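Right, one structure below, let's go through it.
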Amino acid sequence: MRERNFIFLLLIFFLLNLVFRVDVSIATQGYLPRNAEIDHIPKNILFGSFAGGRSHVKPMLDVAAILIERGHNVILLTSGNYTPASEYPTVKQITLGPPMNLREIKGIRELIDKDFDFSRVSTIHEIAINTYKDIFEKYKKAVKEYNIDLLVCSAAMNDPCLDVGHALKKPVVGFISFLNALEPKSYKSDPIFRCNISMENESFLERFRCTVIQPLRMVNYIYPFITGLNDIRKQIDVEPVFLSVRRLTQTSLILVDTFFGFELPQPLSPNIQEIGPVMSEEYPPLSPELSDFINAHKRVLYVAFGTRFFTSVENNSKLLQSFVEVINKNIIDGVVWALVQTLKDDFNPTLNLSDGSQIQTSSILSNEHPHIHIASFAPQFAVLNHTNTKLFLSHGGASSSHESLYTGTPMLILPFGGDQLGNAEKLKSAGIALSLNKMKLDVNDIVNKMDILLKDENVKKNSKRMEILAKINSKRKFRAADLIEYILYSSNTNEINEEFLKEWIPAGTRMGFIRGNNYDVYGALLSIILGIVGGILWVTFKLIRFIVNRIPSSAVQKPKRE
Ligand SMILES: *[C@@H]1O[C@H](CO)[C@@H](O)[C@H](O)[C@H]1NC(C)=O
Ligand SMILES: *[C@@H]1O[C@H](CO)[C@@H](O)[C@H](O)[C@H]1NC(C)=O
Ligand SMILES: *[C@@H]1O[C@H](CO)[C@@H](O)[C@H](O)[C@H]1NC(C)=O
Ligand SMILES: *[C@@H]1O[C@H](CO)[C@@H](O)[C@H](O)[C@H]1NC(C)=O
Ligand SMILES: *[C@@H]1O[C@H](CO)[C@@H](O)[C@H](O)[C@H]1NC(C)=O
């Protein structure tokens, strides 16, 4: 019996080997390499980002760098002079105007100072409307002048870039770091609606509020903006659209710089591709001074709020006081704070510690405190990458979060607005972070949370788990470049019309909301069921009436007891 089985297995193995060439022991001598090379015909690619700023542009340029290596020409259109362009010397930059400085834009200052939700984004919309025409012309000029074949547009706050591709019939690829607006799912929401990121354990009423009421309120808020923008579009002969990002989900490829584990899991359309975390191949090293400081401390807290954000004097002072207290309590033994947008004047002159003593901020800010290192700028990745850096106090921007996850550094997050609030919640649910409320900063709360993050074993385990996820996913920027090249080939051989990328875009997007979801079919089914149930009820009712009428009235009376 056993022999029979063995011979049978051997036979199957032999057949498999013949058919599928399953080679186990056969040496690969004489085999030839599979060739996966494709022709890289040099093309001109424009990368556009209105908001600009290093952390927003950098992931796009990391993809651009791969395309440049493959022989393509890349032009970057963004606000300001992207100073660290020295990191990408082969990218030519055209400026869209002065850099966005949050301190100088009145409404945005308010956006940072006050609690954030969708009702606050009107300021951003005003800026978008006021600059649309000018920016649109700049994009148009660049596309013509440099004979651009494809645009990669940062999809947040960048309607002119998305529209110019559409108007000039050039293929557009969207680039964004969050999924929210692209493919909404019933089980997800966002703090921008003042809702939980997950609807999993929410009550019926809460789900109703987050699914119906808040989105309707948001549409009500942004509707004047959409019509305002469309008025301007009509003036310059650009086709009006409800949201240019939504149009992109129906017509082209969107690259999303995120990954499951950070983002809550959900299915995506084939033309919406997760490619994050996009990381650079190389990062600037620690300065000798910073390197000495971090080497001399075993539990370092790194503090930075990205390239744009900053907080009030009161809150800066509370933060600095917390740092002194965590050092005194020996929870942390060193702090590195990259001030960036925070000025040295943005502090109270004295800090009143909870043990009653006082300390002068000026001495700390001039680096006289042995365990606090203040710098105006720090090479963030290298700081996080150092084994002695144990905690990151961050605003929770996408790039900072990715770098922290990649290096396995737990986070304490102080979100200011935008996607940062959602990121904070996602990182909390990944079990590697805690968050602070910018409206209610409290020194004891900060100290306690830092203590928890450093001691909790689960935080350590989750950080390691997320580090692996981030590392394996960081290779997907090459796929992003491949996909962009595919669009280039496709646009070379096909016209940009409704048929373009038909092999990629699901039919549902062309069928409309009702047909695409079969709601008409379900509607018909429901009417049939209701019809049948109604029919049965009607017949039953008639039958009962008939029977009741047939029974002589005496029989209905309760029979007497014998
Ligand atoms: C979201 O819901 C989870 C559990 O369902 C809860 O632990 C968490 O605190 C909630 N977050 C917010 C911001 O309400
Ligand atoms: C919802 O509750 C279930 C059961 O307690 C739990 O397993 C799940 O993680 C919770 N979901 C969220 C998002 O907190
Ligand atoms: C700082 O904290 C106070 C409350 O203590 C709050 O009112 C204020 O808006 C905060 N400022 C910023 C810029 O976050
Ligand atoms: C600390 O106390 C002094 C008075 O003793 C006060 O002038 C100062 O504003 C206080 N500092 C802070 C940050 O509250
Ligand atoms: C990050 O750390 C690894 C070793 O852990 C090291 O090989 C690498 O050079 C570091 N990179 C940077 C940018 O600091």
Side-chain angles (χ1 to χ4, degrees), residues 54 58 62 84 87 115-118 180 185-211 214 260-266 277-295 298 300 302 304 336 338 375 377-390 392 396 399-400 402-409 411-415 417 419-440 445 449 452 456 458-459 462-465 467-468 470-471 474:
R54 182 170 183 276
K58 200 166 180 356
D62 284 324
E87 291 174 273
D115 236 355
F116 184 86
D117 69 7
F118 57 80
N180 308 23
K185 288 283 175 251
S186 56
Y187 42 82
K188 287 171 78 169
S189 188
D190 195 83
I192 198 170
F193 295 118
R194 295 187 182 272
C195 288
N196 203 313
I197 47 167
S198 169
M199 293 289 105
E200 189 174 349
N201 296 325
E202 303 299 292
S203 66
F204 170 79
L205 277 181
E206 185 63 5
R207 282 186 292 126
F208 190 81
R209 188 179 72 88
C210 296
T211 316
Q214 292 295 78
F260 77 84
F262 178 29
E263 189 69 55
L264 298 187
Q266 71 165 87
V278 175
M279 308 285 295
S280 302
E281 294 304 292
E282 290 177 334
Y283 285 92
L286 295 175
S287 64
E289 198 192 353
L290 200 51
S291 176
D292 288 347
F293 180 87
I294 300 181
N295 282 330
K298 292 289 166 252
V300 173
Y302 172 60
V336 175
F377 176 81
Q380 176 156 306
F381 184 84
V383 173
L384 293 171
N385 189 43
H386 197 292
T387 42
N388 290 354
T389 305
K390 302 293 188 199
F392 182 16
S399 282
S400 291
H402 291 170
E403 289 176 9
S404 206
L405 291 168
Y406 192 94
T407 54
T409 317
M411 296 172 88
L412 182 58
I413 305 169
L414 175 60
D419 59 334
Q420 297 158 15
L421 298 142
N423 290 346
E425 294 301 314
K426 288 171 201 165
L427 293 164
K428 270 157 72 177
S429 85
I432 64 122
L434 291 173
S435 70
L436 303 171
N437 182 339
K438 70 172 181 180
M439 303 303 288
K440 295 185 203 129
D445 180 48
K449 283 179 173 158
I452 294 171
D456 194 315
N458 283 328
V459 172
N462 289 326
S463 303
K464 194 67 207 168
R465 180 172 59 80
E467 179 183 334
I468 307 256
K471 282 187 172 158
S474 69

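Note that the coordinates shown come from a computational prediction; the quantities given were computed from them, not determined experimentally. In each ligand, atom 1 is the first atom listed, and ligand 1 is the first ligand listed.
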Protein heavy-atom partner closest to atom 1 (C) of ligand 2 - residue, atom, separation in Å: N201 ND2, 1.6 Å
If we only consider heavy atoms of E425, is any one of them less than 4.0 Å away from an atom in ligand 1? yes
With heavy atoms of S198 as the reference, note each atom of ligand 2 found under 4.0 Å away. 13 (C)
Taking all heavy atoms of V336 and all of V300, pick out the closest pair and write down the distance. CG2-CG1, 4.0 Å
Tell me: protein heavy atom nearest atom 12 (C) of ligand 5, and distance? N385 ND2, 3.0 Å
Give me the residue, atom name and distance of the protein heavy atom closest to atom 11 (N) of ligand 1. N196 ND2, 2.9 Å
Return the minimal non-hydrogen interatomic distance between P379 and P285, and the atom names on each side. CG-O, 3.3 Å
Whether F381 and Y283 hold their rings parallel, tilted or perpendicular, with breakpoints at 30° and 60°: parallel
Main-chain N/O of F193 paired to Q214 side chain as donor or acceptor, under 3.5 Å: yes
Counting only N and O atoms by type, is there a donor-acceptor contact under 3.5 Å from the side chain of K185 to the main-chain atoms of Q266? no
Tell me whether atom 7 (O) of ligand 1 lies less than 4.0 Å from at least one protein heavy-atom position. no
Would you check the N or O atoms of Y283, main chain and side chain alike, for any that come under 3.5 Å of an N or O of ligand 5? no
Least distance between heavy atoms, E202 atom then R207 atom: O-NE, 3.6 Å
Please indicate whether E206 has more than 12 foreign heavy atoms, meaning atoms of other residues, nucleotides or ligands, lying under 6.0 Å from its CD. yes
Is atom 4 (C) of ligand 5 in close reach of the protein, with a heavy atom under 4.0 Å away? no
Check each heavy atom of E202 against ligand 1 and say whether those closer than 4.0 Å belong to the side chain, the backbone, both or neither. side chain
